[in-house]
Amino acid sequence: MISVATWNINSVRLRLPIVERFLQEEAVDVLCLQEIKCQEHQFPYEALAAIGYKHTAVHGQKGYHGVATVSRLPLREYSRHDWQANGEARHVGVELEGSGMRIDNVYVPAGGDEPDRDKNPKFGQKLDFLGRMTEWANDIDGADHAGTLIVGDFNIAPLPSDVWGHKQLLKVVSHTPIECETLDRFKSAHDWVDVGREFIKDPERYYSWWSYRSKDHKANDRGRRLDHMWATPKLATKASGHRLREDARSWEKPSDHIPLITEFDL
DNA sequence: ATGGTTGCCAAGCAA
């Protein structure tokens, strides 16, 4: 069995205590972090190695963004795509030694506030990022390895049941029709299976993010499913479990995102 | 309609 988790941590240095808590409680094999907000030399390698996570692939930058994959199992970093072509650290790809499973850890741009690429260049960059990610997916050769799992903060909640209010959020970046369609084109490009939704079926409530801009996120429960774990079809058939640690949103100094975990029989 | 919060790093940007 191999277990993989994804978590937008919103500063790995500030939240090292809850990363350690999560790893000690869940003992996942692999944890994919987004928004580490540090450079590679600032990453807490020693603290994570001390609790068994000795294998790392860190793609960081100063102050913003940044992704890191930490593992108990040996891995080989094989790619760092810049799907925005602007130098931001938003992807790192690894292959697990032994199983050969590939894990692509991605942090899709949030896209700003205005869902109009003419008025808001960030929105266009988000759509273009997904376009390049789709071209990449078209080129994956799925025939000769154990399959690919792409995980991370996609910054899009595609289904009506992925948000607290479908109608209220149709013009809010993360749930606009054009974003959902663009993500759908990516999905079709490689027949990705939305593993989370294989286990927590639509239209069941499934959120992974709650804004900090709410006194009590549980009171109105205005969540969105921005984080995803999608597998190539053959690998998806090996998924044996999927769960959320929604309680982590209430831990001390929490991230605004929660961890997602998928288990594979491999 | 607006503003609400957080992190980085020391002003404003990104989310």
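These numbers come from a predicted model, not from an experiment.
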**Request:** Return yes if a side-chain donor-acceptor contact under 3.5 Å exists between Asp221(A) and Trp210(A), otherwise no.
**Result:** yes

**Prompt:** Would you say dG7(B) has OP1 or OP2 under 4.0 Å from some side-chain N or O of Arg15(A)?
**Reply:** yes

**Message:** dA15(B), OP1 or OP2 - any side-chain N/O from His65(A) closer than 4.0 Å?
**Reply:** yes

**Fill in**
Heavy-atom closest pair (Arg225(A) atom, Leu159(A) atom, distance to 0.1 Å) is NH2-CD1, 4.1 Å

**Fill in**
Taken to the nearest whole Å, CD/Gln61(A) to P/dG7(B) is 18 Å

**Asked** With a 4.0 Å cut-off on heavy atoms, is Lys215(A) in touch with a base, just the backbone sugar-phosphate, or nothing at all?
**Response** nothing

**Prompt:** Expressed in angstrom and rounded to an integer, what is the separation of Lys122(A) atom NZ from dA15(B) atom C1'?
**Reply:** 9 Å

**Rounded distance (Å) that lies between atom C1' of dA14(B) and atom CZ of Phe123(A)** = 17 Å

**Whole-angstrom distance between dT2(B) and dT6(B), as gauged at atom P** = 23 Å

**Prompt:** Start at the 5' end of DNA chain B and walk down; is the nucleotide closest to Pro109(A) or to Gln42(A) reached first?
**Reply:** Gln42(A)

**Item:** Whole-Å distance separating the CH2 atom of Trp210(A) from the C1' atom of dT6(B)
**Value:** 17 Å

**Request:** Please measure how far the P atom in dG12(B) lies from the corresponding atom in dA1(B), and state the result in whole Å.
**Result:** 29 Å

**Request:** Kindly point out which of dC9(B), dA15(B), dC13(B) is positioned nearest to the side chain of Arg213(A)?
**Result:** dA15(B)

**Message:** Counting only side-chain heavy atoms from C-beta out, which of dA14(B), dT5(B), dA15(B) sits nearest to Tyr212(A)?
**Reply:** dT5(B)

**Distance in angstrom units between Asp256(A) CG and dG4(B) P, rounded** = 18 Å

**Asked** Would you say Ser211(A) reaches dA15(B)'s phosphate, i.e. side-chain N/O to OP1/OP2 under 4.0 Å?
**Response** no

**Asked** Among the nucleotides dA15(B), dC9(B), dG7(B), which one has an atom lying closest to any side-chain atom of Lys62(A)?
**Response** dC9(B)

**Message:** Work out how far the C1' atom of dC9(B) is from that of dA14(B), and round it to whole angstrom.
**Reply:** 13 Å

**Message:** Counting the atoms with a prime plus P, OP1 and OP2 as sugar-phosphate, which does Arg90(A) contact under 4.0 Å by heavy atoms, base, sugar-phosphate, or nothing?
**Reply:** sugar-phosphate

**Prompt:** Between dA11(B) and dG7(B), how far is it from one C1' atom to the other, in whole Å?
**Reply:** 14 Å

**Prompt:** For Asn10(A), which of Lys253(A), Lys37(A), His257(A), Gln34(A) qualifies under side chain to side chain donor-acceptor pair (under 3.5 Å)?
**Reply:** Lys37(A)

**Request:** Using whole Å, report how far CG of Asn8(A) lies from P of dA15(B).
**Result:** 11 Å

**Item:** Atom pair distance, as rounded to whole Å: CG in Asn220(A) and C1' in dG4(B)
**Value:** 12 Å

**Prompt:** Within the structure shown, what part of the strands sits under 4.0 Å from Arg13(A) by heavy-atom distance: base, sugar-phosphate, or nothing?
**Reply:** sugar-phosphate

**Message:** When you compare the side chains of Glu179(A) and Thr182(A), does any donor N or O come within less than 3.5 Å of an acceptor on the partner?
**Reply:** no

**Nearest non-hydrogen partners of Ala137(A) and His190(A), listed with the distance** = O-CD2, 2.8 Å

**Asked** Under 4.0 angstrom, heavy atoms only, what part of the nucleic acid is Lys253(A) near: base, sugar-phosphate, or nothing?
**Response** sugar-phosphate

**Item:** For atom CG of Asn10(A) and atom P of dG7(B), their distance in whole Å
**Value:** 6 Å

**Item:** Ionic contact status for Asp82(A) with Arg132(A), cut-off 4.0 Å
**Value:** no

